[in-house]
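As structure tokens, the structure follows; a few thoughts come after it.
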Amino acid sequence: MNEAVRAKSTIITKLKYQLIRIRYRTDILLSLIFIVIFSFLVLFPLVKIIVNSLTYQDYDLRLVRNARLGAFTGYHYIRVFASSLSYSIFIKPFINSLLVGFGVTIVAMILGSLLAWVIVRTDIPWKRFFDSVIVIPYMMPSWVIALAWLIIFKNDRIAGEKGMFSYFFGITPPDWFSYGLFPIIVCLGLHYYSYSYLLISGALKTVNSELEEAGFIAGLKKSTVLRKITFPIVLPALGSSFVLTFTRSMGTFGTPALLGLPVRFFNLPTRIYASINSNNTGDAYVLALVLVVLAGITIYINSRIVGVRKSFVTMAGKGFRNRPNALGVWRYPLAFLIIFFLIIVFLLPLLLLLWDTFLLYPGDYSISNLTTHFWVGKSNFKIASGEPGIFRNPGIWNGVWNSVRLGVLAALINGFLGLFIGYAVVRNRGTRLSKSLEAVSFAPYVFPSIAMGAIYLGMFARPFGPIPALYGTFTLLVLIVVVKNMPFSSRSGISAMLQIDKSLEESAGIQGIPWFKRFRKIIFPLTASGFLSGMILTFITAMRELSLIILLVTPNTRVLTTMIFAYEDQEEIQHANGVTIILITLIVLANFIVRKFFGNKGLTGLKET
Amino acid sequence: MIKRLFTILILLTFTGGIALVFAAGKKESTAGKSAYPPGMEKWLKEAKLGPYQEHPQNWKEIEAKAKEEGEVVVYSSSSRIAKVAGLFEKTYPGIKVKYFDLGSVKSVEKTVAEQKADLYNADIVTTGGSGQVIHKLLDNHMIVNFVPDTVGDRIPKKYKEPLLIRINEAIVFYYNTEAYSEPPIKNIWELTTPKWKGKVVTKDINASLSVFMGFATIVQHAKEMAEAYKRMTGKNIVLHDGVPDAGYEFVYRLLHNDLIILKSGGKVAAASGKRGQENPPISIIYFTYLRYNDSKKYANGVITPLDPVEKLVYPTYTAIARQAPHPNAAKLFTAFEMGSPKITKDTVIEPPYTKGKSAELLQGLAPYYDPGSASPRADVPKPRGGEIWDELKGWDVDPDFMWYEAPKLQDFWTQQAAK
């Protein structure tokens with residue numbers, strides 16, 4: 001036998017071996033399939049956007065003489081970073097994005113960690129109630145508070161009707177208070193604190209009081225204990241909430257769009273939206289990349305500082321006590337302060353929106369101006385351009401159906417994919433394959449929503465590989481929501497799988513029970529609660545999503561959030577507010593039902609991210 | 001893991017990127033007509049369109065074939081297309097209208113994306129955005145002009161060539177008639193004076209091609225703008241550094257006079273039009289939103305006389321998409337959009353326009369039968385209160401200017417708006 005033949009036969013044997021191995025190792029097969037799919041859905045878009053940013057696009061042909069469509073060029077980068085336009089296209093929106101990002105993160109983290117500490121670590125009354133209610137803002141779209149802000153603090157800069165504040169008190173708030181950076185930070189901060197709260201309270205709950213007590217016994221001061229013992233334990237949670245809040249608030253579109261434009265306050269997302277709308281995709285791609293890079297840097301810095309992976313658990317089988325700090329006389333005042341806070345961030349905005357839906361003409365709060373027309377009225381061309389009341393409006397019911405469909409489909413797909421990925425990652429733990437899969441499924445995290453929408457718009461406007469042109473279809477909405485939520489659902493899938501010992505499945509495997517049956521009969525039941533909490537999380541995110549899908553929705557695939565924006569645009573304030581209330585009711589109701597019937601898991605899924 | 005992610009990202013990005021950069025580079029014509037793409041000639045012959053049109057058009061045959069086709073797919077920039085579709089289905093039962101209300105930017109975008117991919121879903125493309133429609137869609141044979149001969153001879157040439165216009169609309173200047181007994185300005189340049197600082201409202205040009213076209217048309221008429229300035233001040237206009245002419249200068253001064261930019265036309269119309277305001281602004285927005293005076297109790301009035309221009313007219317075109325799968329239904333729909341041939345100058349059309357006998361006459365014009373819109377047909381009488389359309393002196397949007405010059409204006413606007 002000569003060398004070549006021998007080499008050939010070794011290769012064949014190796015291949016055969018690998019094939020047989022894969023046949024019996026479903027986890028490997030799954031890993032491979034998922035890596036291919038996600039590379040296609042996540043990494044390829046990134047490549048595509050980079051390529052597009054380096055080649056002449058349609059629009060450029062009108063600005064640049066001699067430009068050839070698709071030819072290589074640094075034109076967009078020069079235009080965005082080093083031209084007379086840089087200040088307005090890049091520098092100012094960039095600074096604004098950073099200001100929003102840092103401002104919101106500071107407000108949200110201070111609020112979130114204070115609340116978490118008070119509720120988890122002190123003897124404040126009504127703990128359980130607070131713990132479940134305080135995260136409700138998480139379930140509302142982030143811009144609901146902005147809508148309420150406009151109702152209250154609208155001043156005469158954008159003319160039209162008066163804001164509530166000037167109607168009742170006769171004082172007109174200054175521009176900086178009504179629009180721009182300040183209200184954007186306040187409104188987003190009052191939404192994103194719930195992320196910090198969820199993550200930090202989760203970490204605090206796992207801190208064993210004995211650790212702190214040991215410190216006290218050793219004669220440390222209270223502040224030293226806090227600094228040296230408690231703080232390091234919650235550091236990973238603080239890091240996660242920093243990354244989550246910072247990247248999200250920098251990439252958010254809704255609130256800056258509502259509160260920014262009247263004072264020409266642009267951040268990167270609203271600038272991207274403007275560029276896409278004016279067909280200038282080159283600018284949009286470069287700016288989207290800036291957001292991706294920023295998110296990447298944030299995650300990188302966080303991983304450097306915290307030095308550990310995000311899921312960080314201190315729970316062990318040993319004695320565990322959580323001895324709350326006594327608040328003394330402050331117990332009830334503090335509890336009422338929290339209740340007051342909840343009223344401001346949750347109840348008040350909703351009540352204001354609700355009140356507004358009963359006004360015939362917005363801005364007139366007299367009794368004679370009350371009407372139920374916007375809920376039950378028939379189409380009347382003298383009011384709201386003939387748009388029928390919400391309960392009689394087939395368009396709105398179609399939106400409800402689309403939203404629920406999107407939420408449920410995304411939740412189901414994400415739930416199962418998360419489980420499979422978790423299975424594939426955990427069973428191969430330590431191998432290169434497992435690490436790659438984990439990384440790839442985490443990759444959508446670095447895409448700011450609006451940037452991802454922009455990428456998918458460009459990618460699926462025409463047939464792409466084996467996929468037909470998906471633009472304008474409902475499938476595309478489901479696809480992007482599923483991909484965007486993958487980091488979360490794969491994380492909860494992985495942590496659910498980590499709890500199951502390999503031996504359980506192996507013993508069944510030895511008896512010759514096929515993989516699918518093993519999965520169905522053993523693994524799935526054991527992971528069901530994690531699965532469910534992952535699903536409800538995806539459901540909530542999908543239902544309140546706007547930034548991600550605003551570029552992809554067409555009138556036939558409208559969901560509630562985009563309808564709210566459309567009504568808002570048409571100055572049909574009552575309809576916008578009414579639909580907002582329906583949306584929030586649906587989300588809260590779904591969450592309530594799941595908690596009621598499937599155990600008190602609810603939002604805990606977020607902690608696993 | 002993070003490291004790993006970055007390594008993967010970087011590797012894939014580079015390899016894929018380089019491969020794609022070299023794979024790309026398809027040449028495409030951007031100006032002037034090019035040759036027919038493959039397959040189009042055959043389709044034109046079968047559909048009897050373009051050079052293969054019959055004279056006269058055989059409407060009996062078209063209608064019969066349209067009924068066989070059973071469907072027409074419409075991409076539209078106007079939300080009122082829903083009403084047109086409803087009226088059409090009532091008139092021609094058995095032909096379903098599948099309409100996509102996409103706005104002008106996405107109507108063009110979707111058509112281009114699909115045609116480039118040889119996907120032929122659309123029958124009708126009816127949208128604004130003059131530069132794009134003429135120089136992108138028509139020049140590249142993505143759409144075909146079709147003028148129904150039932151009303152063709154009643155349409156002035158400039159409204160049917162190179163492409164049929166189905167409705168003309170305009171950008172106008174509104175004041176609040178409740179707060180002001182007469183228009184508060186007489187010259188457009190007054191908007192740039194301290195008196196109106198922070199008191200002029202318009203829609204973001206990035207969010208509306210129509211508003212953008214309005215401003216572009218002002219810029220295009222730099223000479224007239226300079227003359228108007230002289231009439232107001234008695235002096236020649238002095239341009240700011242780097243500003244090329246009086247048209248741009250107007251935009252420059254308006255933006256630096258704290259022009260308020262809102263994200264939707266509805267909000268702009270509300271800003272000037274809402275009742276009960278003490279110091280309402282002037283708004284620059286769609287003429288057709290005058291209808292909100294009825295449906296939302298606004299108090300908007302069109303500013304006239306105004307030197308040098310009172311309305312900026314922009315068209316909504318209608319065309320048949322290349323390789324349209326339902327060409328006869330598309331022809332029938334086009335004819336329907338233009339209104340019944342039975343209408344003459346003396347026809348009396350009573351409101352409500354979208355119902356009964358009026359709707360039968362107006363057909364696809366019915367939803368647009370308001371003072372702020374005008375049919376290109378010379379023989380369609382104006383609706384109640386619509387005489388004002390002809391009285392306002394206007395400038396027409398120029399597709400060539402929009403195509404070649406407008407991106408510069410867009411950059412200029414973006415740059416100045418940020419300061």
Side-chain angles (χ1 to χ4, degrees), chain A residues 39 43-44 46-48 50-51 54-55 59 61-63 68-72 84-85 87-89 92 156-161 257 261-262 264 274 277-279 296 299-300 303 309 361 381-386 435-436 438-440 442-443 461-463 469 471-472 554-556 569-571, chain B residues 1-2 4-6 8-9 12-13 16-17 20-21 24-28 30 100-102 105-106 109-110 113-114 116-117 119 198 201 204-207 260-264 266-267 269-272 274 276-277 279-281 292 294-297 403-404 407-408 410-411 414-415 417-419:
Chain A
S39 306
L43 300 180
F44 192 78
L46 189 63
V47 172
K48 185 134 175 120
I50 292 171
V51 170
L54 283 170
T55 48
Y59 184 85
L61 308 185
R62 295 161 60 188
L63 270 173
R68 209 164 54 81
L69 190 69
F72 178 84
S84 58
L85 278 162
Y87 178 75
S88 46
I89 303 182
K92 214 173 166 199
D156 60 354
R157 181 171 174 84
I158 54 174
E161 79 273 357
L261 197 57
R264 296 189 203 157
N277 260 336
S278 54
N279 213 2
I299 294 169
Y300 181 75
S303 75
R309 277 228 344 267
Y361 299 109
F381 274 91
K382 294 280 163 199
I383 308 171
S385 301
K435 282 181 190 157
S436 320
E438 207 178 341
V440 173
F442 184 69
R462 55 192 78 169
Y471 175 69
T554 53
N556 310 52
D569 270 354
Q570 282 313 305
E571 199 61 21
Chain B
M1 194 210 71
I2 299 290
R4 174 127 230 122
L5 168 68
F6 279 96
I8 292 182
L9 285 184
L12 265 165
T13 305
L20 273 170
V21 168
K26 232 199 269 172
K27 174 84 180 148
E28 182 195 351
T30 52
F100 294 79
D101 159 19
L102 298 165
V105 175
K106 284 188 178 175
E109 192 117 297
K110 192 168 162 68
E114 288 180 349
K116 274 190 182 166
L119 273 179
V201 183
D204 188 6
I205 59 159
N206 289 312
I260 313 268
I261 301 168
L262 300 179
K263 72 188 178 76
S264 78
K267 287 187 185 302
S272 59
K274 284 248 168 123
Q277 299 192 66
N279 190 10
Y292 288 166
D294 266 337
S295 68
K296 294 188 177 193
K297 298 270 185 301
W403 186 249
Y404 294 106
K408 278 181 211 154
Q410 186 127 24
D411 281 355
T414 307
Q415 197 175 359
K419 284 181 182 159

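In what follows, chains are A, B, ... by sequence order, proteins preceding strands, each numbered from 1.
To the nearest 0.5 Å, atoms NZ (Lys267(B)) and CD1 (Ile158(A)) are separated by 6.5 Å.
When all heavy atoms are compared, the tightest approach of Gln415(B) to Ser88(A) is CA-OG, 3.4 Å. Closest of all the heavy-atom pairs between Asn277(A) and Asn206(B) is CB-O, 3.1 Å. In this structure, Ser278(A) and Gln410(B) approach most closely via the heavy-atom pair CB-NE2, 2.9 Å. Between Trp403(B) and Arg62(A), the shortest heavy-atom distance links the atoms O-NE, 2.9 Å. Taking every heavy atom of both residues into account, Asn279(A) and Glu109(B) meet most closely at OD1-OE1, 2.8 Å.
Heavy-atom distances place both the backbone and the side chain of Pro407(B) under 4.5 Å from chain A. Residue Asn279(B) does not touch chain A at all, counting heavy-atom pairs closer than 4.5 Å.
Listed for the Lys263(B) side chain is no donor-acceptor partner under 3.5 Å among the backbone atoms of Leu261(A). Side chain of Arg264(A) to backbone of Ile261(B): no donor-acceptor contact under 3.5 angstrom is found.
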